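In what follows, chains carry the letters A, B, and so on, assigned in the order in which the sequence lines appear, proteins first and then strands, with residues in each chain numbered from 1. On a predicted model such as this, the values are computed, not experimentally measured, just so you know.
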Amino acid sequence: MADFPFIKVQREDFDLTTEVAKLRAGHKNIGAVVSFVGTVRDINEGDEVSVLELEHYPGMTEKALEKIRLEAHDRWALESSMIIHRIGKMLPSDQIVLVAVSSRHRENAFHAAHFIMDYLKTNAPFWKKETLPDGEVRWVDSRVSDKEAEQRWTK
Amino acid sequence: MADFPFIKVQREDFDLTTEVAKLRAGHKNIGAVVSFVGTVRDINEGDEVSVLELEHYPGMTEKALEKIRLEAHDRWALESSMIIHRIGKMLPSDQIVLVAVSSRHRENAFHAAHFIMDYLKTNAPFWKKETLPDGEVRWVDSRVSDKEAEQRWTK
Amino acid sequence: MVNILYFASFREMLGQANEQLPAKHTTVSELLAELASRGDHWKVALEDNVNLQIAVNQDIASRETAIKAGDEVAFFPPVTGG
Amino acid sequence: MVNILYFASFREMLGQANEQLPAKHTTVSELLAELASRGDHWKVALEDNVNLQIAVNQDIASRETAIKAGDEVAFFPPVTGG
């Protein structure tokens, strides 16, 4: 069993191939790897976005992400999983978040990765602030659709 | 809009980061990328597997994969999608297949990638033959669970 | 002529990857009947096989699918890719 | 003492990221009432805010959650990561 950090909150970008290799290392019976990468869109709420800034609650963030990750392992038979979430300033097209999950069979990896993202969206203490081309700065509103997505997983 | 081959059937391995970069190129409003990588498991049906060999039906394979891909675009709002499937001999842990899908919002990318894999499993003309450590060679049986997974998507 | 292809375990069982037959059948079923007349080996592998998969001109087809001269008809076991 | 943290728009609206108050409250609600007594600005941002999110010792909590000396209580708007 590989012993790498399963949760990372970092300013630096990440490389998908490198991270998936870490996820898979030491697990010989993996048949499926599902990865989700969230990226900065150039348009939000109809407005062009120049810069996105991510703030978080250090300490609680890691705790919340690990809780979500372990909940996924409780619900599905997984081989390994990881979450990387960036903080600080990002530009359109930049990678924000990676969720990667491996399992023997694909069904579990698909469900678990989707579940982790839906829970992360409503339970991990991150906040986005966006800067528009005219210099306006605004906090991004939470989406009702994210709360609904989370509730679909209620047992 | 990037103009890269959306379907590839090839002997060579692929690099996740490189392929996802092609998938994203030219699409500025992507917010979500879901990738699925299928890998060779070291155990199948309780037996250790030494070598896996993939045979396919040239011509029909590409046609079947493109049909599945376009069906996914009909069902969900996607920005781009791609399928790479390897053929020939592979070893445990090797990558077999990549399905990658991008969209504005994560829900669509998750569903589409899962749908493409479920349909690929039952509709794309590939056949696996495995060699066990004692030299026994056998064709891999299709799984009832794959047929059931496909049928969940019936409209 | 009709071009007939056999894949995977079918190719191995029947000892050939492809063959051409005169196009005298109106459906896949009729073609299967002719192939079955070659002997039990053929009958069991194809006509009597409930898991037989069929493609006509590289599209999934059934025993009822019409065929004509120049068509490509493929027989194979359930697929196992991915 | 209780350590109080404000994040994101709350930090900006209230003009501070954290503060310490004597631990004389038994629940989050009582702490919110004290903060509200500072003026409308505080009352509207926190006590009257139906979207107020609360964490006690870095776990999601509610207004009814008990607090004691040494606890870390955080107030923030709905999260928007991912």
Problem - Salt bridge flag under 4.0 Å for residues E107(B) and R152(A) - result: yes
Problem - Side chain, backbone, both or neither of N44(B) within contact of chain A (heavy atoms, under 4.5 Å) - result: neither
Problem - K8(A) atom NZ, over 12 foreign heavy atoms within 6.0 Å - result: yes
Practice task
Could you tell me how the ring of F36(B) sits relative to the ring of F110(A): parallel (under 30°), tilted (30 to 60°) or perpendicular (over 60°)?
Solution key: parallel
Problem - More than 12 heavy atoms from other groups under 6.0 Å of NZ on K63(B) - result: yes
Handout entry: Non-hydrogen side-chain atoms of V34(B) and H114(A) separated by less than 4.5 Å
Key = no
Practice task
Check whether A32(A) gets within reach of chain B through its side chain, its backbone, both or neither, counting any heavy atom under 4.5 Å.
Solution key: both
Exercise for the section: Decide yes or no for T39(A) and R24(B): does some side-chain heavy atom of the first lie under 4.5 Å from some side-chain heavy atom of the second? Expected result: yes
Completion exercise
Cut-off 4.5 Å, heavy atoms of chain B, and the answer for V20(A) is side chain
Handout entry: Heavy-atom side-chain contact between K28(A) and R41(B) under 4.5 Å
Key = no
Practice task
Mark yes or no for whether T17(A), through its side chain, and D15(B), through its backbone, hold a donor-acceptor pair below 3.5 Å.
Solution key: no
Exercise for the section: Heavy-atom distances under 4.5 Å only: say whether A100(A) touches chain B with side chain, backbone, both or neither. Expected result: neither
